[in-house]
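Presented below is the structure to which this report refers.
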Amino acid sequence: MGQLPADEDDDPPFDLPEAPGGASAMGQSASRPSISERAIAQAPAPYLQGLNPEQRRAVETTDGPVLVLAGAGVGKTRVLTTRIAHILASRKAFPSQVLAVTFTNKAAREMKERIGALIGGAVEGMPWLGTFHAIGVKILRRHAELVDLKNGFTILDVDDQLRLIKQVIEAEGLDKDRWPARQLAAMIDNWKNKGLTPDKVSTGDSQVFAGIGARLYAAYQQRLKELNAVDFGDLLLETLRLFREHTDVLADYQRRFRYILVDEYQDTNVVQYQWLRLIAQAPGGQPNLCCVGDDDQSIYGWRGAEVDNILRFEKDFPGAIVIRLERNYRSTGHILGAAAGLIANNTGRLGKTLFTDDELGKKVSVLGVWDDEEEARAIGEEIERLAKNGHRLNEIAILVRASFQMRVFEDRFITLGLPYRVIGGPRFYERQEIKDAIAYLEITHNPSNDLKFERIVNVPKRGLGDATIKQIHDLARAGGIPMFEAARQLAESDELKPKARRALGDLIAAFLRWRGQAEGVKHTELAELILDESGYTAMWQADKSPQAQSRLENLKELIRFMHQFETLGGFLEHVALVMDVEQGNDGDRVSLMTLHAAKGLEFETVFLPGWEEGLFPHQRSLDESGLAGLEEERRLAYVGLTRGKRRVQVSFAQNRRTRGLYQSASPSRFVDELPEAHLDVLESRSPFGGVYATMGSDPRYGRANPYGKSRFDDAPSPFTTSYTTPGWQRAQEQWKAARPARPPPQTIEGTLVASSDHVSEFVEGDRVRHQKFGLGTVSMVDGNKLTIDFDNGDRKRVIESFLARA
DNA sequence: CTGGTAGTTCGGTCA
DNA sequence: GAACTACCAG
């Protein structure tokens with residue numbers, strides 16, 4: 001005892017009775033229940049009702065290591081929350097003695113709510129329910145000084161991290177073009193996910209940064225310490241170091257956490273695994289550790305997740321009880337059958353067989369379309385049809401592999417007037433204006449945050465360019481002081497030109513003034529004041545670009561959001577950790593999100609567009625991880641299918657617009673892996689006459705190509721070769737090597753697309769009609785790109801193939 | 001130092 | 001197609 005500062009009211013010492021949060025009489029110690037409490041415990045607890053035998057077993061087997069293998073839709077969250085409720089209600093532990101780890105903030109939030117509902121809202125004190133990262137910060141904040149950090153350390157976001165890495169690369173005297181910062185960032189992330197500190201990194205690990213990766217990593221860590229900052233990876237890695245180097249601290253946490261629960265165990269990476277293993281070493285005997293997961297839903301390998309962790313559980317914890325939940329309550333027979341058939345193509349599974357008592361229902365439909373726009377059109381129409389028949393939009397989702405696919409749908413839905421919400425798309429806090437605003441607030445709150453300072457010294461433009469910033473930077477490094485302080489000194493000296501000096505002086509004075517006001521003024525008002533006086537809002541008001549208005553809206557939204565917090569500090573801490581914002585709960589809307597974001601959710605109707613080779617499975621996944629990558633993509637497909645309750649539609653396009661170019665695509669191998677018995681193959685009703693079989697002659701994909709045989713029919717495609725053979729790898733390398741060369745012009749309906757030596761059939765002055773923008777006059781011709789003055793006054797650059805003579 | 005244009009490169013999932 | 005960078009004129 002005694003290692004843990006008793007600085008938080010939500011965290012009473014273990015040996016004292018905890019003040020009950022609600023009406024329940026928790027006045028007794030956990031080890032000696034009173035007679036009345038025992039009587040309550042014997043009564044059939046209402047929360048246990050309605051559980052099936054396996055679920056009930058998973059809830060009631062509270063002691064010792066337990067692995068719950070929970071397939072899709074088997075009531076996993078329910079088991080987890082009921083289990084916690086059970087532990088609390090039967091007085092086995094206080095809320096503050098239960099550690100419950102989730103992967104997303106969404107999951108954590110949902111769990112809190114559901115536990116509250118189960119045991120009557122008395123869960124204010126579940127301080128240790130959260131994501132790995134959130135719990136990591138919490139622990140780190142208490143012991144910052146033990147890992148060379150100061151108390152108020154800051155958490156870098158992706159932007160800050162990248163900026164810092166760039167600086168490190170430059171400081172090492174390396175050419176930033178030859179040594180891409182992004183790559184180094186990715187590499188450092190990987191190391192951190194594997195639990196490797198700079199001294200443990202073998203230089204052979206890095207190819208691009210051969211030999212110097214470890215050195216740069218060390219330099220980066222050094223800079224982080226100087227800035228009193230951590231990145232996301234450190235939240236886990238540094239906690240791990242803390243535990244390793246200070247066993248007394250570790251022992252305190254081991255004693256504290258009487259019950260440990262881990263959600264989505266298949267997604268834990270190496271650091272998280274090591275972290276858990278340390279905490280879960282119960283003093284004498286086996287830990288009360290319950291891990292819940294599904295090896296078939298492991299989709300975060302790219303983040304360092306190790307499916308092995310779940311496969312190894314029984315070895316790690318001898319005598320562990322394994323409980324399988326296989327009764328699916330979500331989907332119909334056909335959907336389950338299709339998903340099962342697909343995932344059966346994976347090897348090395350723990351093997352679960354989901355079953356349902358539900359009807360077979362509707363078969364999974366498979367639709368092939370001409371291009372991505374038609375795909376969006378077809379899905380939009382189908383949604384409108386469903387909506388007309390009374391289907392709630394909230395129960396419809398479109399799940400895409402990559403976020404760029406969302407755009408077509410958004411465009412389509414806007415023209416249709418179909419309400420939709422984007423979940424986890426370009427995140428609120430990742431928007432430029434939000435980051436800028438937060439940077440202002442952060443510096444007011446904590447002036448020593450150099451990266452944020454750099455972000456906004458010259459936003460809006462104040463005439464403080466690279467030269468001035470470098471001066472500040474140098475002074476700060478030389479004196480070992482924050483840039484803010486250096487800037488202040490510089491503004492008082494004669495080092496700067498008068499103009500820069502005035503601008504800098506004004507800015508510093510403004511920040512000092514705002515900090516002074518922080519005491520008296522409410523934090524939301526202060527925020528408005530800062531954005532106003534800094535000229536930041538004015539900057540966007542003066543901006544006449546179309547996005548400026550929505551940026552201002554976002555700033556207002558930010559202020560509105562701040563009201564939920566008591567203080568500026570509390571708000572900033574939240575922002576650093578929680579990258580999503582609770583939004584769009586209002587109204588009946590179609591959901592649009594990535595497959596990753598969809599895990600754990602369910603919908604009556606699910607659309608799965610873009611099942612094309614190269615996109616899904618994603619080429620990069622295949623390139624980087626080969627067979628393992630393919631299997632992960634397949635699990636992602638499995639996750640997608642199993643989100644649907646009653647209706648699932650898979651679709652693929654023959655052509656997809658990427659990089660402004662049409663590229664022909666072939667149907668994903670996953671389409672063919674779906675068992676025919678559960679499928680209903682649709683024919684597109686497109687003006688192009690439906691799907692035609694460019695790839696092979698599978699009659700399921702409709703009639704022959706009405707435009708005749710495409711030259712691509714015979715072209716050897718790297719995508720269709722078997723990916724396991726050595727030949728595949730060679731082919732791939734050739735293909736990659738060939739890529740920098742100009743690709744052959746691609747033929748689509750006989751039109752050359754985006755080739756610069758193209759001779760246009762139009763000349764200046766021609767009257768033309770554009771498919772979207774209407775009538776206009778050609779004002780400039782550049783290959784197949786033409787500049788048109790449209791009759792409505794707009795001047796646009798368009799691709800020739802969208803034009804016809806007027 | 002700013003603001004424009006021209007040229008280049010890039011697009012995958014998360015906390 | 002967008003977002004970033006490089007370069008140049010004011």
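Keep in mind it's a predicted model, so treat the numbers as computed, not measured. So you know, we letter chains A, B, ... as the sequences are listed, proteins then strands, and number each from 1.
- Remark on DNA chain B: of its neighbouring residues A:Arg401 and A:Arg462, the 5'-side contact belongs to A:Arg462, judged by nearest-heavy-atom nucleotide.
- Ring pair A:Phe561/A:His574 is tilted by interplanar angle, where 30° to 60° counts as tilted.
- Looking at heavy-atom distances under 4.0 Å, A:Ala467 makes contact with sugar-phosphate atoms alone, never a base.
- In this structure, A:Arg462 does not pair ionically with A:Asp506, as no charged nitrogen and carboxylate oxygen lie closer than 4.0 Å.
- In this structure, the ring of A:Trp302 has its center less than 6.0 angstrom from the ring center of A:Tyr300.
- Rounding to whole angstrom units, CG of residue A:Asp623 and P of B:dT13 are separated by 16 Å.
- Which of C:dT5, B:dT2, B:dA15 sits closest to the side chain of A:His133 comes down to B:dA15.
- Per the geometry, CG belonging to A:Asn190 stands 16 Å off P belonging to B:dT13, to the nearest Å.
- Comparing B:dA15, B:dT2, B:dC14 by their nearest atom to the side chain of A:Arg303 picks out B:dC14.
- Rounded to a whole angstrom, the distance from the P atom of C:dC4 to that of B:dT13 is 16 Å.
- Rounded to whole Å, atom C1' of B:dA15 lies 18 Å from atom NZ of A:Lys138.
- At the heavy-atom level, A:Lys461 lies under 4.0 Å from the strands shown only through sugar-phosphate atoms.
- What separates CD1 of A:Ile155 from C1' of B:dC14 is a distance of 16 Å, to the nearest Å.
- Screening A:Gln297, A:Lys599, A:Arg303, A:Gln272 against A:Asp267 for a side-chain hydrogen bond (donor to acceptor under 3.5 Å, both in side chains) leaves a single residue, A:Lys599.
- Set against B:dA15, B:dC1, B:dC14, the side chain of A:Asn105 has B:dA15 as its closest nucleotide.
- Between the CG atom of A:Asp234 and the C1' atom of B:dA15 there is a distance of 13 Å, rounded to whole Å.
- A salt bridge between A:Arg635 and A:Asp295 is absent, with no side-chain N of the basic residue lying under 4.0 Å from a carboxylate O of the acidic one.
- Looking at heavy-atom distances under 4.0 Å, A:Phe132 makes no contact with the nucleic acid at all.
- Place A:Phe404 and A:Thr131 on DNA chain B by their nearest nucleotides, and A:Phe404 ends up nearer the 5' end.
- Atom pair A:Asn193:CG and B:dT13:P shows a separation of 16 Å (rounding to whole Å applied).
- Within 4.0 Å (heavy atoms only), A:Asp231 reaches no atom of the nucleic acid at all.
- For the OP1/OP2 pair of B:dA15 and a distance below 4.0 Å, the side-chain nitrogens and oxygens of A:Asn269 include no atom meeting the criterion.
- Residue A:Glu624 is in base contact, counting any heavy-atom pair closer than 4.0 Å across all strands shown.
- Taking the 5.5 Å centre cut-off and the 30° plane limit, the aromatic side chain of A:Tyr300 is not classed as stacked on B:dT13.
- Per the geometry, CZ belonging to A:Arg620 stands 7 Å off C1' belonging to B:dG12, to the nearest Å.
- Heavy atoms of A:Arg407 sit under 4.0 angstrom from primed sugar atoms or phosphate atoms, though from no base atom.
- Separating the CD atom of A:Gln297 from the P atom of B:dT13 is a distance of 20 Å, rounded to the nearest angstrom.
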**Item:** A:Gln266 and A:Glu264: CA distance, side-chain angles, deciding distance, side chain to side chain donor-acceptor pair (under 3.5 Å) verdict
**Value:** CA-CA 5 Å; A:Gln266 76 282 356; A:Glu264 310 281 12; 2.8 Å; yes
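- Phosphate proximity of B:dT13 to A:Ser403: present, with a side-chain N or O under 4.0 Å from OP1 or OP2.
- Within 4.0 Å of A:Ser621, counting heavy atoms only, lies at least one base atom of the nucleic acid.
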